[in-house]
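Worth saying up front: this structure is predicted, and the values here are computed from it rather than measured. All values below were derived from every heavy atom in this structure, side-chain atoms included, with hydrogens, water molecules and symmetry-related copies excluded. Atoms within each ligand, like the ligands themselves, are counted from 1 in listed order.
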Amino acid sequence: MCFKMCSCNNNIYTYEKLSEIKDFLKEKIKNEPKIGIICGSGLGSLGNAIADAVSIDYADIPDFPVSTVEGHVGRFIFGHIRGTAVACMQGRFHYYEGYPLSICAMPVRLMKLLGVSYLIASNAAGGLNPKYKVGDIMLQKDHFNIMGLAGLGPHIGPNDSRFGPRFFPMTNAYDESILNKVRQIVKDLKMENKVHEGVYTCVGGPNYETVADVRALISLGVDSVGMSTVHEVIAARQCGIRCFAFSLITNICSTEYGTTTEDHSCSTEVHSEEVLKVGKDMEDELRIFVEEIVEAISQDT
Ligand SMILES: O=P(O)(O)O[C@H]1O[C@H](CO)[C@@H](O)[C@H]1O
């Protein structure tokens, strides 16, 4: 299938196409997943907590896109976390890979067809809030949809109401009752000193931000910046999935021009190696955190 398509309409992932993919996956999995998990860059090990795992590479799913970015393995893992059936994406799709936002968010609609009613999305992100440190976690209280303000979204074009209504609110995009459960988990796990709540934004990337970009985002009230998640949450809210998302702060975005070092790099630059390393360093702690969240959500009826 050709993924080069207009970003505004002609969405190739029609309801019928996604139903075919859903049927293909359903034949391979044992239980209907209740919670969808999207692993951010370097956070794929969140999927290692899954029992009775059935792994399906994106490349083996008919008409499915493939992950092209380091830190995103590119497979679904279906199974259980603490007894709850989950669908976990070890690898997501980003706009900068050349996929329109409708394709980046398509797996969320697929998860809905598979039976998912809750989403836990994670991302690696740069810290803008001066209180944040590398390795901190930011619970997404909200997002600032810069790409949406520029007319880009996963739902632009003809609307198929089987994926949800044309117009829908985003006031409570991040579910307050899940957030309350997570706040309690943060206390129980004694993580208060490294967990914050804030506003995330998704930029197009793949370059990291200039100092002027960073200063502007801070002035707009944004606390963390990445290149994902927002369009996934939009697609999820459109089809009635309740959402929780968090950023792992993998680097601090610089508000100052750095000094150029002897090798012509800059002292305040961010590089993808450090982003992935912070994810790796945090993998055990985050895996337990996500397991607790799954268990708390599963008690929700
Ligand atoms: O949002 P995730 O997938 O975690 O990845 C983040 O990390 C990558 C940049 O290092 C970008 O893809 C950015 O979006």
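- By the 6.0 Å contact criterion, CD on Glu70 is open, its count of non-hydrogen atoms from other residues, nucleotides or ligands being 12 or less.
- With a 4.5 Å cut-off on side-chain heavy atoms, Glu274 and Thr250 do not count as touching.
- Every atom of ligand 1 is numbered from 1 in the order shown, and the set under 4.0 Å from a heavy atom of Asn123 is 1 (O), 4 (O).
- Judged purely by atom type and a 3.5 angstrom limit, Arg215 uses its side chain to pair as donor or acceptor with the backbone of Thr255.
- Using bins of under 30°, 30° to 60° and over 60° for the plane-to-plane angle, the ring pair Tyr99/Phe93 lands in the perpendicular bin.
- Nearest non-hydrogen protein atom to atom 14 (O) of ligand 1 is Met227 N, 2.9 Å.
- Of the protein's non-hydrogen atoms, the one nearest atom 2 (P) of ligand 1 is Arg92 NH1, 3.4 Å.
- Interface atoms of ligand 1 facing Val275, defined by a heavy-atom separation under 4.0 Å, are 10 (O).
- By the 6.0 Å contact criterion, NZ on Lys280 is open, its count of non-hydrogen atoms from other residues, nucleotides or ligands being 12 or less.
- Residue, atom and distance of the protein heavy atom nearest to atom 7 (O) of ligand 1 are Ser41 OG, 3.2 Å.
- Aromatic rings from His143 and Tyr174 are positioned such that their centres are separated by under 6.0 Å.
- Heavy atoms only, all atoms of each residue included: Thr229 and Tyr200 are closest at CB-CE2, 3.8 Å.
- Given atom 12 (O) of ligand 1, the protein heavy atom at minimum distance is Tyr96 OH, 2.6 Å.
- Closest protein heavy atom to atom 3 (O) of ligand 1: His94 NE2, 2.7 Å.
- In terms of protein heavy-atom proximity, atom 1 (O) of ligand 1 is nearest to Ser228 OG, 2.5 Å.
- Of the protein's non-hydrogen atoms, Tyr208 OH, 2.6 Å is the one closest to atom 10 (O) of ligand 1.
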